[in-house]
There are 2 protein chains.
Amino acid sequence: MSDPAIRRPYRREGEEKRRDDLIAAAMALVAEGGTEAATVRAIAARAGVTPGLIRHYFQSKEELTHAAYRHVMESMTQEALRAIEGLPESDPIGRLAAFVAANFRPPVMTPAVVGVWASYMHLGRNDPVIHAIHEATYLGYRDRLQDLIAALPRPADPARDRREAIACNALIDGLWIEGGSLPDSFASGEVQRIALDGIGAMLGVRFPDTAYSNTALPGTADRKTAP
Amino acid sequence: MSDPAIRRPYRREGEEKRRDDLIAAAMALVAEGGTEAATVRAIAARAGVTPGLIRHYFQSKEELTHAAYRHVMESMTQEALRAIEGLPESDPIGRLAAFVAANFRPPVMTPAVVGVWASYMHLGRNDPVIHAIHEATYLGYRDRLQDLIAALPRPADPARDRREAIACNALIDGLWIEGGSLPDSFASGEVQRIALDGIGAMLGVRFPDTAYSNTALPGTADRKTAP
DNA sequence: CTGACTATTGTTCGTTTGTATAATTAAAGA
DNA sequence: TCTTTAATTATACAAACGAACAATAGTCAG
């Protein structure tokens, strides 16, 4: 196909940079066209390298796939945790509101992230590694939510807290999927409002008007992942 | 591979039977191993025929795939509608409860159905036919839910009804996904109870104890699809 | 019982997939 | 500048995919 005399020029990059590039390329392709669009050739082209390089950094395509999935899921949890970072424990309602609201704006609620989540979801039933990542992320998030619910100013009842954490988590999931899949079907901030209203009703609390703001609360770090 | 002298014996079946068999085989394979497991060869083997036959009944594999997806989604909606079939309009709370509860028992909440839903979900972003089926089913279900909510005995408020229908639909979706994906993580009837509690809280209604029964309500048809 | 119809089989084709490996060359150290 | 190293390219390969098509044999009308 190509003249053996001409060989593609290239630059050597640090291992970390190349791995990140390949993971980012895989995620972007999965977000756009599902797992079947993320072939080794397509990933390599997107990352600006040749297919052979992938197996220099990852023992198999599956390994790259797992790394990409783990990255997406972990960054979502980290984003929710960052939203309550620095908020005082003396205001459990404000912390819960911030934790919930973080799921309904970028970079968490985007068509790309929802797309990646959906693409890998059905894969988890056959791939034990994917399943483990999914389960750990899911239960980890739900546990954090239950902690925030248990901190509300009301009589303690762990069994009730568990049920309500399951319900709130399901509501967040459902709204996140819908809002991310059909972004044009909802007005700006509408999904977040519906989520806060629903969770407030289920838990018997009333969130202050400030909780309905469409941006991260003041005091929350607003920078990107790397400094 | 095989001796041309020996030819596999076969029976001729009616067109409808063969089509149904192929659709059922495709659904079972998708439920077990995702869309990538449903190859023409695997579908044919599962249906007890040879690969060539598929293209006798369907112009392409995609056409079979679409038929299978449509079948799954439509049967879910039909199951929910059957649950309120025959319930009097004088009891809007009972109708809403029955409509909700139908989603949290077989044949709607099963790992297989949730698996099929998840497998096709990410496909919808690139395949317009899949997307159309998904959207029609989703909005159709939500509209039915909003009708039931609007029939509740309280002051009319269409904008509020819309938001609450979105919220209730999201809660149902999230719980259905979780309950279907991790059936061992929940006690029998637990998901249904959480759903009814959450929806009751969000709508400000209290469902009677009979609504929490784990089976279809009396008066509801309990037969299979065909007599 | 016979002949026509078509449902069904068996096989082949070109493409794409993930993987393997040899050949090169950019970059760093002596 | 020379040598070494390993990051990167380029090519090859077996397997599996959807599709196409000719050959065969159940089934039904007459």
Side-chain angles (χ1 to χ4, degrees), chain A residues 1-23 25-26 29-30 33-69 119 123 126-127 129-130, chain B residues 1-23 25-26 29-30 32-68 119 123 126-127 129-130:
Chain A
M1 184 184 186
S2 60
D3 186 348
I6 322 173
R7 199 183 170 92
R8 170 182 180 151
Y10 61 93
R11 284 206 327 146
R12 290 194 168 196
E13 296 285 357
E15 170 170 349
E16 207 161 335
K17 162 98 164 91
R18 275 280 190 254
R19 287 182 66 97
D20 288 353
D21 282 355
L22 289 171
I23 287 175
L29 284 165
V30 170
T35 50
E36 62 244 2
T39 68
V40 287
R41 286 165 179 83
I43 294 170
R46 172 71 66 112
V49 298
T50 51
L53 189 61
I54 288 180
R55 302 208 55 252
H56 180 74
Y57 286 106
F58 300 92
Q59 207 162 16
S60 69
K61 184 207 167 188
E62 230 186 1
E63 194 180 308
L64 166 56
T65 278
H66 293 162
Y69 182 57
S119 296
L123 235 111
N126 298 311
D127 186 328
V129 177
I130 294 286
Chain B
M1 181 181 185
S2 59
D3 185 350
I6 320 172
R7 199 184 169 93
R8 170 185 179 150
Y10 61 91
R11 285 204 327 147
R12 288 198 168 195
E13 297 284 357
E15 169 172 347
E16 207 160 336
K17 164 99 164 87
R18 275 280 189 251
R19 287 182 67 96
D20 288 352
D21 281 355
L22 290 171
I23 287 175
L29 284 166
V30 170
E32 291 168 11
T35 50
E36 63 244 0
T39 68
V40 288
R41 288 165 178 83
I43 294 170
R46 171 70 67 108
V49 298
T50 50
L53 188 61
I54 288 181
R55 302 205 56 253
H56 180 72
Y57 285 105
F58 300 92
Q59 209 163 15
S60 69
K61 183 205 167 190
E62 228 186 3
E63 193 180 309
L64 167 55
T65 277
H66 292 164
S119 295
L123 234 112
N126 299 311
D127 185 329
V129 177
I130 293 286

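Below, all heavy atoms of this structure are taken into account, side chains as well, without hydrogens, waters or symmetry copies. In what follows, chains are A, B, ... by sequence order, proteins preceding strands, each numbered from 1.
The separation between A:I54 atom CD1 and C:dT19 atom P is 10 Å, rounded to whole Å. In this entry the distance linking CD1 of B:I43 with P of D:dA19 reads 11 Å, nearest Å. Here C:dT19 presents its P atom at 18 Å from OH of A:Y57, a figure rounded to the nearest Å. Taking atom CD of B:E16 as the reference point, atom C1' of C:dA7 lies 16 Å away to the nearest angstrom. For the pair B:F58 CZ and D:dA19 P, the computed distance is 13 Å after rounding to whole Å.
Using a 4.0 Å cut-off, no side-chain N or O of B:R7 falls inside it from OP1 or OP2 of C:dT8. Neither OP1 nor OP2 of D:dT8 sits under 4.0 Å from any side-chain N or O of A:R55. At least one side-chain nitrogen or oxygen of B:H56 sits closer than 4.0 Å to the OP1 or OP2 atom of C:dA7.
Annotation: side chain of A:D21 is not in contact with side chain of A:E13 (no heavy-atom distance under 4.5 Å). No side-chain heavy atom of A:T65 sits under 4.5 Å from any side-chain heavy atom of A:V30.
For residues 34-42 of chain A, proximity to DNA chain C is found at A:T39, A:V40, A:R41, defined as any non-hydrogen atom under 4.0 angstrom from a strand atom. Taking a 4.0 Å limit (strictly below) on heavy-atom distances, residues 60-69 of chain A does not reach DNA chain D anywhere.
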Using a cut-off of under 3.5 Å, enumerate the N/O to N/O pairs linking the protein to nucleotides 26-30 of chain D.
| unit_1 | atom_1 | unit_2 | atom_2 | d |
| --- | --- | --- | --- | --- |
| D:dG26 | N2 | B:R12 | NH1 | 2.7 |
| D:dG26 | N2 | B:R12 | NH2 | 2.7 |
| D:dG26 | N3 | B:R12 | NE | 3.3 |
| D:dG26 | N3 | B:R12 | NH2 | 3.1 |
| D:dT27 | OP1 | B:R12 | N | 3.2 |

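Across every non-hydrogen atom of A:A38 and A:A26, the tightest pair is CB-O, 4.3 Å.
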